[in-house]
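Residue indices begin at 1 and follow the sequence shown. We count ligands from 1, going down the list as the structure has it; atoms in each ligand are counted the same way.
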Amino acid sequence: MDLQDRSYEIVVVGGGAAGTSAALSSARARRSVLVVDAGEPRNAPAEGVHNYLGREGTPPGELVAAGRAEAERYGAEFSTGEVVAAERAPGGGFRLTLAGGAAVVAARLVVATGLVDELPPVPGLAQRWGREVLHCPYCHGWEVRDRHIAVLGTGPMALHQALLWRQWSPRVTLLRHALDELGAEDRANLDARGITVVPGPVEGVRVEEDRFTGVEVGGRLLPCDALVVAPLFTARLGALAELGLRTEPVRRGDVLVGTRLPVDATGATAVPGVWAAGNVTDLTGNVIGAAAAGANVAAQVNSDLVEADLRRARADPFVVREREVADLVAGERRHGL
Ligand SMILES: Cc1cc2nc3c(=O)[nH]c(=O)nc-3n(C[C@H](O)[C@H](O)[C@H](O)COP(=O)(O)OP(=O)(O)OC[C@H]3O[C@@H](n4cnc5c(N)ncnc54)[C@H](O)[C@@H]3O)c2cc1C
């Protein structure tokens with residue numbers, strides 16, 4: 001699709017669950033909407049999306065493809081690519097440049113760019129991410145139920161994780177790794193739930209013939225079926241930061257868990273005309289939550305555009321009617337009528 005200098009009422013950056021859902025709702029609200037998506041959703045390595053009512057276990061790519069087809073039926077447009085530059089457009093709205101050089105103009109923006117999981121730097125760990133290296137028991141716990149689950153101690157969250165994952169298996173080991181010697185209270189809690197503690201740093205993840213066999217501690221294999229880690233969840237803003245969007249740290253107690261793009265209750269960011277939905281603003285949100293957030297934000301953006309349309313109609317009714325006719329013709333063309 002040749003996008004050069006095309007204008008849309010709404011451009012959504014990011015076509016995961018949040019962005020695709022925002023596009024579906026926006027297109028059904030008869031808004032012109034483009035989704036620009038770099039095609040790297042966070043859960044891509046997972047074999048299925050769990051806890052998504054009505055589509056339990058569907059492969060991540062299949063779920064998003066189905067949503068995209070639904071949005072396209074109502075006239076939403078999708079473009080594969082990355083937004084690499086963003087600025088205010090001279091006539092109002094925003095101008096986004098895509099890798100490759102094409103630029104589009106948007107009256108309103110929805111940021112649905114997700115987050116990056118920054119993984120602990122243990123050799124071989126990243127290669128098994130989303131397969132046997134896991135973080136979320138609601139996403140993967142059932143799949144490793146009753147198996148031997150090892151929890152990597154990179155920070156205080158590891159104790160919480162060990163006790164949480166114990167719900168899914170009686171065989172949980174806490175690998176102390178970077179943790180200091182545990183206090184008496186923590187030891188008592190782990191003992192009470194039968195969680196064993198292994199001292200010493202983890203030197204690597206052991207894989208034999210593409211089969212995860214465990215972790216190396218003190219030069220020896222500690223066999224296990226899954227390794228639980230606590231990534232740093234980093235909001236993915238990229239070039240959109242050029243619009244003045246700023247992330248903020250997110251802490252659980254004293255522990256830094258990541259960064260997010262702050263929004264108000266309607267999903268609006270601090271930059272007028274820009275909304276956000278999904279993991280970029282809600283670090284612990286799941287797929288169904290991201291889809292819901294996208295739909296909610298789309299309604300807020302539409303309300304804002306309804307008000308803008310009204311202001312323009314009061315100022316110059318003729319111009320608005322002309323624009324409505326042009327939109328109607330463009331919409332009919334899109335639907336092949
Ligand atoms: C391994 C793993 C397994 C998971 N399993 C589950 C599960 O079973 N169930 C569940 O509910 N949740 C699961 N999750 C969480 C789930 O991945 C997120 O809740 C969900 O992906 C959030 O959707 P999103 O639309 O906000 O972001 P994403 O799905 O990450 O989509 C963001 C999109 O934006 C694009 N993008 C980013 N920057 C740009 C840019 N500058 N220009 C253009 N495009 C851009 C990306 O390429 C990506 O396609 C899992 C997470 C992981 C890591």
Side-chain angles (χ1 to χ4, degrees), residues 3 11-24 34-61 63-65 67-68 78-86 96-100 102 104 106 109-119 125-126 128-144 226-243 245 258 260-261 263 267 276-295 297:
L3 287 176
V11 171
V12 181
V13 186
T20 304
S21 174
L24 173 62
L34 170 73
V35 180
V36 182
D37 182 38
E40 287 175 5
R42 190 180 162 215
N43 57 349
E47 94 300 340
V49 177
H50 298 290
N51 290 336
Y52 197 106
L53 192 63
R55 299 295 299 268
E56 169 55 30
T58 307
L63 188 65
V64 172
R68 175 177 170 158
F78 286 75
S79 176
T80 303
E82 190 184 355
V83 171
V84 293
L96 304 179
T97 306
L98 279 60
V104 292
L109 269 189
V110 175
V111 179
T113 44
L115 62 79
V116 175
D117 294 282
E118 291 185 24
L119 299 170
L125 183 150
R128 308 305 289 192
W129 172 236
R131 296 167 72 184
E132 301 88 6
V133 175
L134 312 171
H135 77 299
C136 165
Y138 303 99
C139 306
H140 304 282
W142 176 264
E143 283 62 42
V144 295
L227 178 64
V228 171
V229 300
L232 193 66
F233 304 129
T234 306
R236 183 158 47 180
L237 269 190
L240 296 170
E242 293 164 15
L243 297 172
L245 298 168
R260 71 184 277 263
L261 177 61
V263 292
N279 272 174
V280 71
T281 180
D282 174 13
L283 302 186
T284 53
N286 56 8
V287 178
I288 205 162
V297 153

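The aromatic rings of W129 and H135 sit tilted, their planes meeting at an angle between 30° and 60°.
Residues V111 and V13 form no side-chain contact, since every pair of their non-hydrogen atoms from C-beta on lies 4.5 Å or further apart.
For R68, the side-chain hydrogen bond (donor to acceptor under 3.5 Å, both in side chains) test picks out E72, with sequence neighbours left out. With sequence neighbours left out, T234 forms a side-chain hydrogen bond (donor to acceptor under 3.5 Å, both in side chains) with E118.
One distance of note links CG of N286 with NE2 of H50; it measures 12.5 Å at 0.5 Å rounding.
Applying the salt bridge (charged side-chain N to carboxylate O under 4.0 Å, His left out) test to pairs two or more places apart or on separate chains, those with a residue in residues 36-50 are R42-D117.
Residues lining ligand 1 at a heavy-atom distance below 4.0 Å are given as V13, G14, G15, G16, A17, A18, V36, D37, A38, G39, E40, P41, R42, N43, A46, G48, V49, H50, G81, E82, V83, A112, T113, G114, D117, W129, G130, H135, C139, H140, R236, G278, N279, G285, N286, V287, A290, ordered by chain and residue number.
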